[in-house]
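Side chains are part of it too, since the values below use all heavy atoms of this structure and drop only hydrogens, waters and symmetry mates. One is the number of the first residue; the rest follow in order along the sequence.
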Amino acid sequence: LIGAFGLGFVAALDWTGDSRKLLTLGFLAAFTTFSTWMVEAERDRSRLHGIALLLGALTLGLLAVWLGRELGDLL
């Protein structure tokens, strides 16, 4: 969620150049990899719990991106 917030924040700042690419693609993209929670959701024996985990993480992630963009727009 922190990485999703950071991506939204940086997107709102309207940066250009290598520093933005380094921060977004080099650090935040790696930081926000969804593979861990995808594996956990797949590994979960209860389908309902796995679906709830996926939907919850997706919802919270999108909320974090939106919040980051809003804060970035204020700056």
Side-chain angles (χ1 to χ4, degrees):
L1 293 177
I2 294 168
F5 174 84
L7 284 169
F9 184 80
V10 171
L13 292 180
D14 197 30
W15 277 357
T16 58
D18 292 336
S19 61
R20 179 182 177 162
K21 288 179 186 175
L22 179 65
L23 182 61
T24 57
L25 297 175
F27 178 71
L28 290 173
F31 187 71
T32 60
T33 183
F34 291 112
S35 61
T36 301
W37 62 266
M38 291 296 288
V39 167
E40 290 301 318
E42 173 63 28
R43 194 178 292 173
D44 195 342
R45 299 290 180 211
S46 165
R47 285 227 184 255
L48 184 58
H49 186 261
I51 291 170
L53 178 66
L54 287 174
L55 290 176
L58 183 59
T59 301
L60 291 175
L62 290 172
L63 180 63
V65 169
W66 173 80
L67 188 60
R69 286 193 64 113
E70 291 295 313
L71 183 62
D73 284 339
L74 291 175
L75 300 176

To the nearest 0.5 Å, what is the distance between OG1 (Thr24) and CG (Leu7)?
->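 That separation rounds to 7.0 Å.
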Going by heavy atoms in the side chains, are Leu75 and Phe9 under 4.5 Å from each other?
->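 Sidechains of Phe9 and Leu75: in contact.
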Please tell me if the side chains of Phe27 and Leu22 come closer than 4.5 Å, counting only heavy atoms from C-beta onward.
->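 No, side chains not in contact.
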Cut-off 3.5 Å, no hydrogens considered: what does the side-chain donor-acceptor table look like for residues 62-71, sequence neighbours left out?
none

With sequence neighbours excluded, what pairs up with Leu60 under the side chain to side chain contact (heavy atoms under 4.5 Å, CB included) test?
->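 Applying side chain to side chain contact (heavy atoms under 4.5 Å, CB included) to Leu60 gives Leu1.
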Closest contact, heavy atoms only, Asp73 versus Ala12 =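 For Asp73 versus Ala12, the nearest heavy atoms are OD1-CB, 3.4 Å.
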